[in-house]
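To keep things clear, I will list the structure first and then write my remarks on it.
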Amino acid sequence: MGLMIYNTLTRTKEPLETIEPGVVRMYVCGPTVYDKAHIGHAMSSIVFDVIRRWLEYRRYRVLHVMNYTDVEDKVILRAQELGVDSIELAEGYMHDYDQHLKDLNVLPASVNPRASTEIEAILEMVKGLVDRGFAYQVDGDVYFRVAKDDDYGRLSGRRVEEMRAGARLIVDERKEAPADFALWKAAKEGEPAWESPWGMGRPGWHIECSAMNLHHLGEQIDIHGGGSDLIFPHHENEIAQSESFTGKSFSRYWVHNGMLQFEGEKMSKSLGNVVTVEEFLEDHNGNILRMVILNASYRKPLKFNQDVITQAERAWERLKGALRPATPMPEAPEKVVADLNTQVEKTRAGFETAMDDDFNTSEALSHLFELVRGINQARDAGVESEPLGEAQRTLRELSEVLGLELELGGGIDREAEAFIELLIEVREELRQAKQWALADLIRDRLLTLGVHLEDGKEGTTWRAG
RNA sequence: GGGGACGUAGCCAAGUGGUAAGGCAGGGGUCUGCAAAACCCUUAAGCGCGGGUUCGAUUCCCGCCGUCCCCUCCA
């Protein structure tokens, strides 16, 4: 069947056919860096990270571009409020976001262009659009002439004449038509500005993505991604600009992630229901957010609340638990080993089928959990560490394709481990001597340091967290 | 007003024209000095409501109700 991708443009799943065999050119709209990022932004980055990892698993070379919008009304406004330079302000948030992506185990994009460093490409495009009659200049602003683009609206399914012009916005009388949008804006006093044929100014929001695509990936790309809130007007306008400029179709597949819902509403700054990435990572590790996301379809709205987090934490623990070492017993039945091997094969096949079907991570995870059960059953049956290890390697490998890090004992460094082992040894002596109070004291004290002791059949084991 | 989605057990959620994955919680058990954890087993939905198509629909079509997103900056 091959890899199927849901395309917003056609509202159907289509087989992936890339422009260049074996290569995927993917552009994802990144955040406007005017404030701390929230977990909705992170969701988008994680979704496209999983897509990218799956494409790479399928042997594609992925050229992955994600932009940072650092020249924009909100950035400028914020900088003026704080009395700082807007580009520097954006740079700070940009570096924060880079760090968040690392903490969330998101693979770095091939390129992270910024509006402020792409002015040349932007100007070239705006000029071209003016030359070809797709844009016009008014008082130092340049607008895209939507009427000139006959298939405008095909991504979002809108007809220009059906949109209630001026319902919620004040129509700029200088524009030829209400739907026309700015490619270039004349700069006001104190705003970042660059020289242009129309005077000092700065790019409009939509044009930077078109220009960056052209500059870094070429005239035609395979996948263009972003949040579903960008379908209109942003991506609609990108299509208009890019296709009018090149005369070629722009992106083959348009992929959009659903919005993260917090208490039934979209998480957004204007609603004030924001959980920043920083806040989330203070209380949880990045795998937990990823688990929340992987549990559901990337295209649907994602419910986010404390319950969902708790459930994801528990599920993640279960996944990790499967990596516990074997507890070999003399007469482990051979059938168990055979069943385990069968499960490994079934898991990989099911996982691949699920991921090929528009990145069905929820179903892919279900196959991982079936492997977890198989591993645990085999361990309980006393299977030797080698057949068990094989299954565990598969689990780890497939988890990594989803970007999950299952390694045990994270957060505790090597030197500390030796001391923990020592304490366990001492405590074991105390338990032999039935010095329960002292034994419990060690256990409790270690717990406050983030080390859990577990007394089992095969002795005491420990884990971090 | 227009455009786009969604509604599956207590919760999250996948999925299919022939009677529903997985996870969490719940119940039972194993282990244990106690505890915690872990593991095993297990209960639970007939798929928003009303019609239609069909031998048969949760899955297709129509209507209704409800929720969300977009039409202003937005991942």
Side-chain angles (χ1 to χ4, degrees), chain A residues 8 11 28-32 34 37-48 66 69 72-75 77 153 155-159 161-165 167-170 179 205 225-234 236 256-261 264-270 291-292 294-297 299-305 307-319 321-322 324 327 350 354 357 360-370 372-373 375-377 379-381 431 434-437 439-440 443-444 447 452-458 461-463:
Chain A
T8 306
R11 316 268 168 199
V28 181
C29 289
T32 298
Y34 74 101
H38 59 71
I39 53 176
H41 300 111
M43 174 192 179
S44 186
S45 291
I46 290 171
V47 163
F48 287 97
M66 187 197 80
T69 300
E72 200 269 337
D73 292 3
K74 288 201 166 183
V75 186
L77 188 68
L155 178 68
S156 58
R158 289 158 209 258
R159 312 266 333 132
E161 53 274 22
E162 278 168 3
M163 289 191 280
R164 258 200 321 188
R168 287 169 71 191
L169 68 159
I170 299 149
W205 174 38
S228 63
D229 54 348
L230 299 181
I231 294 171
F232 190 90
H234 185 55
E236 197 71 74
H256 295 97
N257 64 275
M259 294 293 99
L260 189 145
Q261 307 287 130
E265 278 180 319
K266 173 184 168 187
M267 181 171 288
S268 77
K269 283 170 189 149
S270 48
M291 280 297 283
V292 171
L294 293 172
N295 181 49
S297 160
R299 282 196 271 133
K300 289 191 190 176
L302 181 72
K303 282 181 201 163
F304 185 88
N305 54 47
D307 277 357
V308 162
I309 295 172
T310 307
Q311 290 171 11
E313 278 174 333
R314 305 286 300 121
W316 188 61
E317 291 292 338
R318 179 165 168 78
L319 221 43
R324 286 163 192 251
T327 51
D357 182 15
N360 190 336
T361 54
S362 175
E363 198 176 312
L365 266 186
S366 79
H367 293 290
L368 256 33
F369 281 111
E370 275 158 12
V372 165
R373 180 178 299 116
I375 290 171
N376 289 335
Q377 284 172 341
R379 186 195 299 100
D380 282 2
R431 293 178 72 214
K434 298 197 190 299
Q435 299 274 345
W436 307 125
D440 290 353
R443 185 173 64 196
D444 293 346
L447 185 61
H452 291 252
L453 295 194
E454 295 167 7
D455 299 330
K457 220 185 303 186
E458 313 297 320
T461 56
W462 66 275
R463 63 187 177 84

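As the structure is a computational prediction, the values presented were derived from the model and not from experiment. Quick note on labels: first sequence line is chain A, next is B, and so on, each numbered from 1.
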Indicate whether OP1 or OP2 belonging to rG15(B) is found under 4.0 Å from a side-chain N or O atom of Ser362(A). no

side-chain contact (heavy atoms from CB on, under 4.5 Å) partners of Lys74(A), counting only residues at least two apart: Tyr34(A), Glu72(A)

How would you label the contact of Gly226(A) with the nucleic acid (heavy atoms, under 4.0 Å): base, sugar-phosphate, or nothing? sugar-phosphate

Atom CD of Glu370(A) and atom P of rA14(B) are separated, to the nearest Å, by 17 Å

Nearest-nucleotide check on RNA chain B, Cys29(A) vs Asn305(A); residue mapping nearer the 5' end is Asn305(A)

In whole angstroms, the gap separating C1' of rC40(B) from CD1 of Ile375(A) amounts to 15 Å

Taking atom types as they are modelled, would you say the side chain of Asn360(A) forms a donor-acceptor pair with the base of rG15(B) within the 3.5 Å cutoff? no

Among all residues two or more places apart in sequence or in another chain, which pass the side-chain contact (heavy atoms from CB on, under 4.5 Å) test with Asp229(A)? Met259(A), Lys266(A)

Determine the interatomic distance between P on rG29(B) and the same-named atom on rU43(B); round to the nearest Å. 16 Å

What pairs of nitrogen or oxygen atoms, one from the protein and one from nucleotides 33-37 of chain B, lie under 3.5 Å apart?
| residue | atom | partner | partner atom | Å |
| --- | --- | --- | --- | --- |
| rG33(B) | N1 | Asp440(A) | OD1 | 3.0 |
| rG33(B) | N2 | Asp440(A) | OD2 | 3.1 |
| rC34(B) | O2 | Arg443(A) | NH2 | 3.2 |
| rC34(B) | N3 | Arg443(A) | NH1 | 3.0 |
| rC34(B) | N3 | Arg443(A) | NH2 | 3.3 |
| rC34(B) | N4 | Arg443(A) | NH1 | 3.3 |
| rC34(B) | N4 | Asp455(A) | OD2 | 3.0 |
| rA35(B) | N6 | Asp455(A) | O | 3.4 |
| rA35(B) | N1 | Arg443(A) | NH1 | 3.3 |
| rA35(B) | N3 | Arg443(A) | NH1 | 2.9 |
| rA37(B) | O2' | Glu454(A) | OE2 | 2.8 |

Measure from the side chain of Met259(A), starting at C-beta and using heavy atoms only, and say which of rC40(B), rG22(B), rC69(B) lies closest. rC69(B)

For Gly258(A), report the nucleic acid contact type (base, sugar-phosphate, nothing); a contact means any heavy atom under 4.0 Å. base

May I ask you to say what Thr32(A) touches in the nucleic acid, namely base, sugar-phosphate or nothing, with a heavy-atom cut-off under 4.0 Å? sugar-phosphate

What integer distance in Å separates Asp73(A):CG from rC73(B):P? 8 Å

Need one value for His38(A): base, sugar-phosphate or nothing, where a base atom within 4.0 Å counts as base even if backbone is also close, heavy atoms only. base

If you compare all heavy atoms of Ile231(A) against all heavy atoms of Thr8(A), which two are closest, and at what distance to 0.1 Å? CD1-CG2, 4.0 Å

Does His38(A) have any ring-ring contact (aromatic ring centres under 6.0 Å, His included) partners at least two apart in sequence or in another chain, and if so, which? His41(A)

Residue list, side-chain contact (heavy atoms from CB on, under 4.5 Å) with Ala322(A), at least two apart or on another chain: Val372(A), Ile375(A), Asn376(A), Leu395(A)

Watson-Crick or G-U counterpart of rA9(B), or none if no pair lies under 3.5 Å: none

Over how many whole Å does the gap from Met43(A) atom CE to rC12(B) atom C1' extend? 14 Å

Distance (rounded to the nearest 0.5 Å) between Ser297(A) OG and Asn257(A) CG: 10.0 Å

Atom CG of Leu365(A) to atom C1' of rA13(B): distance rounded to whole Å? 11 Å

By salt bridge (Lys or Arg N to Asp or Glu O under 4.0 Å), which residues pair with Asp73(A), not counting sequence neighbours? Lys185(A), Arg202(A)

Under 4.0 Å, counting only non-hydrogen atoms across every strand here, what does Leu368(A) touch: a base, just sugar-phosphate, or nothing? nothing

Would you please name every residue forming a salt bridge (Lys or Arg N to Asp or Glu O under 4.0 Å) with Arg431(A), sequence neighbours left out? Glu428(A), Asp455(A)

So, OP1 or OP2 of rC40(B): does either fall under 4.0 Å of a side-chain N or O from Asn376(A)? yes

Sorted by chain and number, sequence neighbours left out, salt bridge (Lys or Arg N to Asp or Glu O under 4.0 Å) with Asp440(A) holds for Arg443(A)

Does the structure show a Watson-Crick or G-U wobble partner for rU58(B), both distances under 3.5 Å? Name it, or say none. none

How close or far is atom C1' of rA21(B) from atom CG of Asn295(A), stated in whole angstroms? 12 Å

Short question: side chain of Thr361(A), backbone of Leu294(A) - any donor-acceptor pair under 3.5 Å? yes

Watson-Crick or G-U counterpart of rC73(B), or none if no pair lies under 3.5 Å: none

State whether Arg158(A) places a side-chain N or O below 4.0 Å from either non-bridging phosphate oxygen (OP1 or OP2) of rC71(B). no

Any donor-acceptor N/O pair under 3.5 Å between rC39(B) base and Asp380(A) side chain: no

Distances for protein N/O vs nucleotides 41-49 of chain B N/O pairs under 3.5 angstrom?
| residue | atom | partner | partner atom | Å |
| --- | --- | --- | --- | --- |
| rC41(B) | OP1 | Gln377(A) | NE2 | 2.6 |

P atom, rU16(B) versus rC61(B): distance in rounded Å? 14 Å

Rounded to the nearest 0.5 Å, what separates atom CG in Leu155(A) from atom NE2 in His234(A)? 11.0 Å

Does Gln261(A) use its side chain to pair, donor to acceptor, with the backbone of Pro301(A) at less than 3.5 Å? no

With a 3.5 angstrom cut-off on both distances, give the Watson-Crick or G-U wobble partner of rG26(B), or none if there isn't one. rU42(B)

5′-ward residue of the pair Val372(A)/Thr310(A) relative to RNA chain B: Thr310(A)

side-chain contact (heavy atoms from CB on, under 4.5 Å) partners of Glu363(A), counting only residues at least two apart: Ala354(A), Asn360(A), Ser366(A), His367(A)

For rU16(B), which nucleotide is its Watson-Crick or G-U wobble mate, given both distances must be under 3.5 Å? none

P gap between rU54(B) and rG2(B), integer Å: 33 Å

His367(A) NE2 to rG23(B) C1', in whole Å, measures 14 Å

Going by the rule side-chain hydrogen bond (donor to acceptor under 3.5 Å, both in side chains), which residues pair with Asp380(A) if we only count those two or more places apart in sequence or in a different chain? none

How long is the straight-line distance from NZ of Lys303(A) back to CG of Asn295(A), given to the nearest 0.5 Å? 11.0 Å

Once you round it to whole Å, what is the distance between P of rA75(B) and CD of Gln261(A)? 15 Å

For rG33(B), give its Watson-Crick or G-U wobble partner with both distances under 3.5 Å, or none. none

5' to 3', nucleotides 4-10 of chain B under a 4.0 Å protein heavy-atom cut-off (B base, S sugar-phosphate only, - none) gives SSSS---

Pick base, sugar-phosphate or nothing for Ser297(A), based on heavy-atom distances below 4.0 Å to the nucleic acid. sugar-phosphate

Which of these nucleotides, rC71(B), rC73(B), rA75(B), is closest to any side-chain atom of Met267(A)? rA75(B)

Please check the phosphate of rC31(B) (OP1 and OP2 only) for any side-chain N or O of Arg379(A) closer than 4.0 Å. no

